[in-house]
Every structure is written in structure tokens, then in C-alpha cells.
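One structure below.
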Amino acid sequence: MSKSLKALAVAATLCLLALPLAAQSAAYDFVGQRPDARAAENILTHPRALARFLHLSESQAAQLQTLWNTLQSTTAPLRQARGPLCASLRADLAAQNASAVGTDALGLFNNKSAIRAAAATFDTAFSAILTPEQLAQYNALKQIAHLDEAGEYNPLGACPAAD
């Protein structure tokens, strides 16, 4: 009887140790045996899914929603400005206007930098409201979401497709 109790205790301990890994399984592709970056990115870009994934309290979820709304209101005009900036760059490249191309490239770079700064502000503020366990899960999720990024750094970022 004592051997079965010991075995049960060991099994229960192993199950408890596996809980953090189970929490990450929502963003893991077991068929391909690799993290699923698209699933992780979907969780990170939908505040309700993120709140559920991290098991946020009501207070934390409300704070997340406020932070998310601020991020969206900050980045929406920047994202809308990318189309015209890219169109201007394409036109100036076609016209071989080197001076204007440089100005356009700087405009796109500054636009992308502003979007990244807003995202970093959100990330810092959101991370501050998480428990250590939630923060570990959030950081793991962010790492998984960025696994599929190309190895090349493009300072201008992606431009919307030309019409």
C-alpha cells in the first residue's frame, strides 16, 4: 500500500510540474513538433484570447483592454499613413529621384519606429500588471510568435501591396 501511495505522490508531483508546459500547448504544433507562430500571434493580437490564455483576473482584463485601446488609437493613424508613404516611395523610385527616395525611406523608417515604440510601451505596461507565472507565459508566447520572422531586418517594414 505504501508503494502505491508513493507512486501516486510521484505521479501527482510530475503532473504539477507539467502544468506550465501544458499552458503553452495552445501555441504548439504537435504534428510538426514545433511552436505554432500563427496561433501564438493570434493570441497576442486578440485581447480576449490573451486574457483567457493568461487567466487574467477581471481587474487585469480591464487594464489590458485599456492598454489595448491606447495602443490601437496610437498605431491606427501610423498604419494608415504607411500606404501613402509607400506609394510615394514607389513613385520616386520609378522616377529615379534619389533625394525624394531618401526622404521617403526616412519617413517609412520613422513610421515603423513610432509603431514599434507604441508596441514597446504597451508591452512594458502590460507586463507590469502580470503575475510572475503569467509573465513567463506571456514571454514564452511572444517568443513563439516571432519564430517565423525572416532573418533579414527590413528597417522600412512591409509596405501594403500596390494598387
Side-chain angles (χ1 to χ4, degrees), residues 8-87 89-90 105 107-163:
L8 183 61
V10 168
T13 302
L14 290 175
C15 287
L16 287 174
L17 292 174
L19 282 177
L21 295 175
Q24 294 177 11
S25 67
Y28 199 84
D29 173 16
F30 286 101
V31 176
Q33 295 300 307
R34 64 178 184 79
D36 184 353
R38 287 171 297 175
E41 188 174 330
N42 283 338
I43 293 170
L44 288 169
T45 56
H46 293 88
R48 287 185 187 149
L50 185 58
R52 272 184 262 137
F53 181 81
L54 296 175
H55 305 289
L56 297 183
S57 68
E58 285 184 34
S59 171
Q60 288 174 312
Q63 289 175 310
L64 167 59
Q65 194 60 52
T66 300
L67 293 169
W68 186 261
N69 290 341
T70 301
L71 174 65
Q72 295 306 307
S73 65
T74 302
T75 59
L78 295 168
R79 292 185 193 285
Q80 289 173 352
R82 287 195 74 70
L85 289 170
C86 290
L89 177 62
R90 285 186 191 102
L108 280 168
F109 178 82
N110 290 337
N111 177 275
K112 185 173 183 173
S113 295
I115 291 171
R116 284 185 173 197
T121 299
F122 167 83
D123 184 65
T124 301
F126 180 60
S127 294
I129 68 169
L130 300 176
T131 66
E133 295 81 17
Q134 290 169 331
L135 182 59
Q137 288 178 333
Y138 177 59
N139 287 333
L141 195 62
K142 289 187 301 185
Q143 184 178 9
I144 291 168
H146 298 302
L147 284 179
D148 284 350
E149 284 185 353
E152 298 176 20
Y153 172 68
N154 180 355
L156 302 181
C159 277
D163 293 330

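This chain uses plain numbering: 1 for the first residue, then up along the sequence.
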All side-chain contact (heavy atoms from CB on, under 4.5 Å) counterparts of [X], not counting sequence neighbours:
{"X": "R79", "result": "T75, I115"}
{"X": "S59", "result": "S57, Q63"}
{"X": "Q65", "result": "P47, W68, N69"}

### Query
So, do D123 and K142 sit near enough that their side-chain heavy atoms are less than 4.5 Å apart?
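Side-chain contact under 4.5 Å: yes.
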Please name the pair of heavy atoms, one in [X] and one in [Y], separated by the smallest distance, quoted to 0.1 Å.
{"X": "A118", "Y": "T74", "value": "CB-CG2, 3.8 Å"}
{"X": "N111", "Y": "A81", "value": "ND2-CB, 3.9 Å"}
{"X": "A145", "Y": "L44", "value": "CB-CD1, 3.6 Å"}
{"X": "R82", "Y": "L108", "value": "NH1-O, 3.6 Å"}
{"X": "L56", "Y": "L130", "value": "CD2-CD2, 3.5 Å"}
{"X": "A125", "Y": "L67", "value": "CB-CD2, 3.6 Å"}

### Message
Test of understanding: with ring-ring contact (aromatic ring centres under 6.0 Å, His included), list the residues that count as partners of F126, not counting sequence neighbours.
### Response
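ring-ring contact (aromatic ring centres under 6.0 Å, His included) check on F126 returns F122, Y138.
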### Task
State which residues pass side chain to side chain donor-acceptor pair (under 3.5 Å) with N42; sequence neighbours excluded, sorted by chain then number.
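Side chain to side chain donor-acceptor pair (under 3.5 Å) list for N42, sorted by chain: empty.
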#### Entry: Residues in side chain to side chain donor-acceptor pair (under 3.5 Å) contact with Q72, at least two apart in sequence or another chain
none
### Message
Given 3.5 Å as the limit, does a donor-acceptor pair link the side chain of Q137 with the main chain of Q134, or not?
### Response
no
### Message
Please check this pair: side chain of S127 against backbone of T124, looking for a donor-acceptor N/O pair closer than 3.5 Å.
### Response
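Looks like no, no N/O pair under 3.5 Å.
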### Query
Would K112 and L78 satisfy side chain to side chain contact (heavy atoms under 4.5 Å, CB included), going step by step from the backbone distance to the final call?
CA-CA 8 Å; K112 185 173 183 173; L78 295 168; over 6 Å; no
### Task
List the steps and the verdict of side chain to side chain contact (heavy atoms under 4.5 Å, CB included) for L50 and L54.
CA-CA 6 Å; L50 185 58; L54 296 175; 3.7 Å; yes
### Task
Nearest 0.5 Å please: distance from the CG atom of N110 over to the CG atom of L85.
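CG of L85 is found 9.5 Å from CG of N110.
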### Message
I'd like to know whether E133 forms a side chain to side chain contact (heavy atoms under 4.5 Å, CB included) with H55, so could you lay out the CA-CA distance, the side-chain angles of the two residues, the decisive distance to 0.1 Å, and finally the verdict.
### Response
CA-CA 10 Å; E133 295 81 17; H55 305 289; over 6 Å; no
